[in-house]
Every structure is written in C-alpha cells, then in structure tokens.
Amino acid sequence: MDTNYYRRIDLPAGELHVFAHHDLYHAMGAKVLEMANNNLQIPNIRYMSYTPDAHVGVGTCIGTTAVWRAEEGFVSPSIVGSDIGCGMRVHLTSLQERDLQDVKLRRKLVKAIERRIPVENHARGHFSDIRLEHVLLKGLHGLPGKYVPDAYTPRKATSMTHVESSRFAFDEDALNRIPEPVWHRSHRQLGTLGGGNHFIEIQAVSLNEANRSIAERWGLKDGQVVVMIHSGSRAWGGAVNQFSGSEVAKTMSRLGLGTADPRLVFAPLDSEAGRMYANLMYSALNFAVVNRHLLAYAVRDAFRETFGSKTELTTLYDLMHNYACEETHGSDSYLVHRKGTTRALPPGHPGNPEPYKETGHPALIPGSMGTASYLMAGVPEGARNYYSICHGAGRVRSRNATKQLVTVNEFASSLRIGQDDEIVVNHRALEAIIDESPQAYKDVDQIIDSVVQARLADVVAKCRPLAAVKGV
DNA sequence: ATGTAC
C-alpha cells in the first residue's frame, strides 16, 4: 500500500481512512475532518472513509463510505442526503466520433434532445401513461412495455439486466407517509433532468490499452460515441429525506442520541423510524433508476431523429452513488452508506450482475463540464474500502465563489466555443450555468490517478465530451 | 439537490 495515496487518521471519535494523494488530502481542510468526527460519533459505526473527491456537504461530506454491521446498524438520512439514488447511466451507440465531427450536426442533436427533455426550472414531463405508484414500487418493472424497448425478451433485456438493481423491494405502506402534493409533483417530474451538476453528455471513448480485454467484453471501441446521464430522484428523494428525517430526529431525542452536529440525524435500522426511512429510501432509488431510464429513452428518440430510425442505444450500466444498502462482505452482512461514492466490484465477485460476473461491472465516474469522464473496473484490493471509489471530480469552491471568480469568456474557452471541436452546450447564455464551470471542481484526472494508485479500481476507458445538455 | 427560503 502506497502511503502517498492512503492514510489512517486517528480522530477523537474513531478512525478515518482517507484514500487520496498527499496533496489532495492536505487540500481537504479542517471542516472535512470535523464532519468525519461527527459521523464517527454515531453508535456502532464499524468503518468510515473518504475518497479523493471528498468535500463538505450538509452533515456529512460528499465522498463518504460509512459502514455498520447489519444486525446492529444505524441508518442516516443525513449521510445519504436528499438526492437519494442520484447516479450515472451510460449507453453505447454504433456511431463513431467522426460521425459527429460537424459542429452543426452536434447542435442538431442537442436541439433534438432539448425538445424531448425538459431542463428548465420547474420542468414538467408528460408521461400520462406511467403510474408513479408502479414506478416507486417496481422500478423499471413498473414501466409500460413501450418504454422498455427490448422487453419482449425479458431475460436478455439489457435495460433491465445492466443496472445495479432494476427493482428495490420494500414495504409499500411507507408510501402513505408522503403527502399527495408531492405525488402529483413527482409524477410530472418523471423524465426531467434537474439542475446543478446533473447532465446528459455525448462523449467519445478512448480505451486504456492495459484493460482492452475488459473494454471489449463491455462492447467498447476506440472513438465510439457514448451517452452519459447524471440525474437523481428529483423532488421525491427530497421529500423522503424531509419526512423521514423529522421522524428519525424524534426517535433520536427519545433515545437520547446525538452528536456535535444537530443536522446529523440517524436511527437504529431496527426501529420504526429507521425502517420507515429505509423503505421510503428504496422508493426513491426506484424513482431515480426509472428517471434515468426515461431520460435515456428520450435521448434514443433524439438520436433516431438525427441519425435514422434504426439507431439503437444499448445500456452499458446504471449505477448510483447516494444510498444505503445491505451488502455481504466476506461472510457477514453490512449496512453500507455511500454518499458521493461509487461501488466498484472486481472481476469474479458474486455481487456483480450476471452480464458482468467475469469482468466486474462498469463503475461510471463523471468529470466536470468540459473535462473527461471515466469508465472504471474494480480490483480485488478494493475490498479494504468495501469496494467504494470516488463519484467524480468533487467541488473545490462554492457556486457563489465560482460565479465571482470565473468570467463567461473563460468558461466559453474551456468549452472551446467557436472552434471546430467546440463542446456544444444547450444553453446559449453560459451565465446560467457558470457555477458548473471546470474551475468549480477538482481535476478529475488527479482524482482518478489517486483511486488507481490507492488500488481501488482501474481505468477501462476515458470519455471525452462532444456535447452537453444541462439543466438550471 | 430541491417547485430551495431568512
């Protein structure tokens, strides 16, 4: 183990494991360690770590892996956060980078996507044929067949099998806790992108020679065009966080539990509030998976309009980075919280879904706007961190600080606006999304290097952006 | 992140 890329910190409340290059660790700041110390005050916690993209969040840092033994587990809405089930989805196309060489064609494609996917604030979808209750209860299996194009061969339907879980099961009585207005709003939000760091990108693949055999098994080729989607559970996850958070807080005061941070709420998994949260959280995971699926369905339609009706987008994988789930590690069952961290199982691990048993499943890691994203594969040594790796570049300055620092011209030049290889963006006025400029984030290449050097995962492919669709 | 909310 290279001590330049890993260190164990002995905090007053317990041990913190940090997987980051020396320089990235020193850039994290005192607040990040203070938050770890608060998290470590939650009873029975067995393990806590940061990935190199760790930065301050509400109650818990983005970049946290926090683990309990299942039978003595505590579950925390504050660790999972309000964008429950937020994550990534990647689709493969049969197009090559040269097919999108013409900037006018990239603009046409972005416009076609924009016509199908609402991106503005208070955006509304229009899926009157989808029942929200079915989506929440059954995930992808709750969608009408027309939205699952390969559904007539269920066992081979890649949109079902190439996901972390196409359906999270839970006690449906918990759904009664969410008020009617949220149901109404959430139904209308299905198939909308959301704001902030959420995006749809068209990217070109560069393979890592050392892992060419894995890439080929995944169906990846050099220069191939892929679609990457980053979105979550929209208002539904926020409502789940809010309603169960207040129930969990009541349980805490009844049990006399607390840490130095009152915003950090948690309850025994085996308590009424803990179970209610877990159930509702699973409904939000179902919502998030379906939302990304519907976004991909709309992008597929946009590709068909632009490149012909036979164009197909096959699912590479769909994987979240904000959730808590029971997992088996060794012979024991653990409750693993991942807040801004990505699971990356190694080749041969039994937890891999069937299509990826031998290679390990793809771990999908987004970069910031204008920079590359990565497709990673887990390695056996990742077991020491419960197979958690980073979730992206990680913010380095606040949205407000970014608006102060970065000019529209600087942002435009980082997107090469006006050049032949311009990254085409749906927004004509870049001011609206300037807080998403690359200067707001750490250097994703350094983050990935840290993850590789710490032996948590390997790079299978790097994906360079050709076009991006962002919300506000 | 969020049909933000002091």
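Reminder, nothing fancy here: chain letters follow the sequence lines and each chain counts from 1. Here the structure is a predicted model, which means the values were calculated and not measured.
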**Prompt:** Does anything in residues 189-199 of chain A reach DNA chain B, meaning a heavy atom under 4.0 Å, and if so which residues?
**Reply:** Q189(A), G194(A), G195(A), G196(A), N197(A), H198(A)
**Whole angstrom value for the distance that separates P of dT2(B) from CD1 of I84(A)** = 13 Å
**Length of the line joining I433(A):CD1 and dA1(B):C1', which is rounded to integer Å** = 17 Å
**Asked** Just checking, any donor-acceptor pair under 3.5 angstrom between side chains of H321(A) and T341(A)?
**Response** no
**Message:** Looking only at side-chain N and O atoms, does T371(A) offer a donor or acceptor that is under 3.5 Å from a partner on S368(A)?
**Reply:** yes
So which protein nitrogen or oxygen atoms get under 3.5 Å of nucleotides 4-6 of chain B's nitrogens or oxygens?
none

**Prompt:** NA contact type, R234(A), heavy-atom cut-off 4.0 Å: base, sugar-phosphate, or nothing?
**Reply:** sugar-phosphate
**Message:** What is the separation between atom CE on M88(A) and atom P on dA1(B), rounded to the nearest whole Å?
**Reply:** 12 Å
**Message:** Aromatic contact between Y50(A) and Y25(A), with the criterion being ring centroids under 6.0 Å apart: yes or no?
**Reply:** no
**Request:** Would you name the heavy atoms of T51(A) and S388(A) that are closest together and state the gap between them?
**Result:** CG2-O, 4.4 Å
**Message:** With a 6.0 Å cut-off on the ring centroids, do Y386(A) and Y334(A) count as close?
**Reply:** yes
**Message:** For dA1(B) and R399(A) - does any side-chain N or O of the residue sit under 4.0 Å from the phosphate oxygens OP1/OP2?
**Reply:** yes
**Message:** For Y387(A), does the six-membered ring have the charged nitrogen or CZ of R343(A) within the cation-pi criterion, i.e. under 6.0 angstrom from the centroid and within 45° of the normal?
**Reply:** no
**Prompt:** When the ring planes of F168(A) and Y282(A) are compared, do they come out parallel, tilted or perpendicular, using 30° and 60° as the limits?
**Reply:** parallel
**Request:** Please state how far atom CE in M320(A) lies from atom P in dA1(B), giving the value in whole angstrom units.
**Result:** 18 Å
**Y323(A)-R338(A) side chain donor-acceptor pair, cut-off 3.5 Å** = yes
